[in-house]
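Here is the structure we will look at.
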Number of protein chains: 2
Amino acid sequence: MLKKTNRISLVDQVVSQMENLIENGHWSIGDKVPPEMELMEEFGVSRNTLREAIHALVHAGLLETKQGSGTIVRSSSSLEAAMHRYIEKSDLLETLEVRLALEKEAAQLAAKRRSEEDINKLHASIKQCQDAAERGAMEDFIKADITFHKNMVRAANNKLLQDLYEHMTDPLYSSIRDIMLMDNQFDYNKEIHSELLDAIRHQDIDGATKYVDAYINEFKKRL
Amino acid sequence: MLKKTNRISLVDQVVSQMENLIENGHWSIGDKVPPEMELMEEFGVSRNTLREAIHALVHAGLLETKQGSGTIVRSSSSLEAAMHRYIEKSDLLETLEVRLALEKEAAQLAAKRRSEEDINKLHASIKQCQDAAERGAMEDFIKADITFHKNMVRAANNKLLQDLYEHMTDPLYSSIRDIMLMDNQFDYNKEIHSELLDAIRHQDIDGATKYVDAYINEFKKRL
DNA sequence: ATGTACCAATCATCCTACAAATTTGGAGTG
DNA sequence: CACTCCAAATTTGTAGGATGATTGGTACAT
């Protein structure tokens with residue numbers, strides 16, 4: 001008899017089902033989920049059981065309830081929510097430090113593993129940076145720049161690295177923006193990383209490493 | 001109109017209070033928490049409310065309930081629990097890759113910021129490694145080695161970096177152990193990082209970087 | 001000593017009822 | 001017709017009670 005605690009509580013079963021619905025996109029971010037009464041019938045559980053499941057997901061950061069209005073999907077990953085909460089309470093410099101460390105590793109891995117598609121995406125991001133720079137559109141430039149960095153991390157082909165980087169970057173967006181906006185001698189050209197793209201394209205790991213080290217040092221000076 | 005929903009639900013209030021009790025160590029890991037009836041009175045809420053709060057923490061990984069027995073404290077950080085869940089599902093190599101990247105950064109920061117106390121702790125860990133090596137006690141050696149690495153990361157004086165590293169290392173323990181045990185030409189001396197300690201002691205950042213690069217490459221070869 | 005039967009404590013699930021917040025639709029007014 | 005205001009319907013929040021299931025221990029018979 002190897003039934004090793006096969007019993008999974010009803011609440012956990014409902015939680016798992018709802019997690020799947022969210023992860024698979026059947027319930028998308030921002031969507032309003034069906035009201036408790038409907039879900040009770042759909043899952044075949046009582047209101048208390050259902051409510052405990054919903055609240056577990058609320059506390060995990062996946063859902064958000066509003067009395068009188070309904071329940072909406074807020075995030076699709078509990079790691080994301082936990083990271084956001086943690087980073088809210090963390091020191092900005094510490095977070096940037098870790099983020100830059102991840103970025104450095106990503107640059108090296110990207111140089112090693114990038115696909116043709118990665119190159120295309122990186123190229124497109126740089127193009128957007130240049131366009132914004134010519135128009136002097138600072139806000140657009142920052143967005144395009146961040147997209148470039150994210151695409152580089154994607155090219156590293158490591159899901160954990162990518163998730164950590166993105167979950168760390170998103171809550172920092174306004175801080176990063178402020179840092180770049182406050183620099184009154186800001187030089188667009190310095191921020192356009194076409195040399196880095198070349199190094200990644202030619203799978204020149206040393207070149208990529210050197211370039212990343214250089215711009216990270218440049219960035220740290222501004223802090 | 002900045003009325004930003006000042007109302008915090010009772011459940012959330014109870015959750016917060018219990019989180020604090022856990023974080024502050026009033027409820028330590030492994031402890032059995034009071035039964036529902038007592039907590040109901042203590043927090044002054046109904047059974048359902050209390051149960052929803054407990055289940056939120058169960059799902060977050062901080063508590064664990066056993067029907068008929070009671071509820072115990074399982075972990076003290078929701079980031080830890082979320083990371084563990086994520087890493088369970090992740091690829092071992094990807095996780096090791098990120099972990100080594102964090103370690104590399106930590107070595108450089110440690111060389112910059114280490115305190116005297118850090119040096120003492122690192123020294124103590126190396127001593128334990130040596131003792132275990134002389135006795136040929138492989139298991140003890142691995143534990144001491146991991147402690148050395150953790151102490152190095154602590155010396156980097158960055159809480160986020162430390163938390164990520166430790167939450168990544170703990171679930172990997174058995175894998176790391178297997179990798180080291182499987183190496184039949186295992187050389188204790190190669191694994192004793194006294195040169196690294198010297199570099200950190202003398203705040204020789206380049207030296208620390210080179211040493212870490214070397215042993216990380218060595219480690220990667222074994223995979 | 002060992003195994004069985006029983007009991008108490010505790011969590012799991014379900015139910016009903018009411019409160020509070022929000023949305024919606026309709027009555028009333030200009 | 002357009003607008004305001006209010007009441008009803010909808011939806012989540014909180015409370016309390018009832019019953020079942022699981023666990024851990026105890027007492028008893030063998």
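Below, chains carry the letters A, B, ... as their sequence lines are ordered, and counting in each starts from 1.
- D:dT23 atom P lies 13 Å from atom NZ of B:K32, rounded to whole Å.
- Note: B:I126 CD1 to B:H193 NE2 = 8.0 Å, rounded to the nearest 0.5 Å.
- Computed from coordinates, the A:L39 CG to C:dC14 C1' distance equals 17 Å when rounded to whole Å.
- Side chains of A:S75 and A:E80: a donor on one and an acceptor on the other come within 3.5 Å.
- For the OP1/OP2 pair of D:dG13 and a distance below 4.0 Å, the side-chain nitrogens and oxygens of A:H55 include at least one atom meeting the criterion.
- An OP1 or OP2 oxygen of D:dT10 is reached within less than 4.0 angstrom by no side-chain nitrogen or oxygen of A:S69.
- Here the CZ atom belonging to B:R177 is positioned 14.0 Å from the CG atom belonging to B:D145, to the nearest 0.5 angstrom.
- A straight line from CG of A:L50 to C1' of D:dG13 spans 14 Å, rounded to a whole angstrom.
- Distance, A:M37 CE to D:dT12 P: 10 Å, rounded to whole Å.
- Note: CD (B:E52) to P (D:dG16) measures 14 Å, nearest angstrom.
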- Given side chain to side chain contact (heavy atoms under 4.5 Å, CB included), test B:I87 with B:M168 step by step and report yes or no. CA-CA 7 Å; B:I87 287 177; B:M168 221 168 277; 3.6 Å; yes
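- Taking the six-membered ring where the residue is Trp, A:Y215 and A:H149 present perpendicular rings, their angle passing 60° and hence far from 30°.
- Regarding A:E64, its CD atom lies at a distance of 15 Å from the C1' atom of D:dG13, rounded to whole Å.
- At whole-Å resolution of the value, CE in A:M40 and P in D:dT11 are 13 Å apart.
- Of the residues in residues 10-23 of chain B, none has a non-hydrogen atom less than 4.0 angstrom from any atom of DNA chain C.
- Taking the six-membered ring for Trp, A:H55 and B:H59 have ring centres at least 6.0 Å apart.
- Taking only distance into account, the side chain of A:E36 never meets the base of D:dG13 through a donor-acceptor pair shorter than 3.5 Å.
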- Evaluation steps, side chain to side chain contact (heavy atoms under 4.5 Å, CB included), between B:V98 and B:L164: CA-CA 10 Å; B:V98 176; B:L164 288 178; over 6 Å; no
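- Residues A:D178 and A:S175 have side chains that never bring a donor and an acceptor to within less than 3.5 angstrom of each other.
- Between A:Q67 atom CD and D:dT10 atom C1' the separation is 12 Å, expressed in whole Å.
- By the 4.0 Å N-to-carboxylate-O rule, A:K220 lies too far from A:E97 to be salt-bridged with it.
- Near DNA chain C, meaning a heavy atom under 4.0 Å from it, residues 41-49 of chain B has B:R47, B:N48 in order of number.
- A sub-4.0 Å separation between OP1 or OP2 of D:dT12 and a side-chain N or O of A:R51 is absent.
- B:T65 has a side-chain polar atom (N or O) that falls below the 4.0 Å cut-off from OP1 or OP2 of C:dA12.
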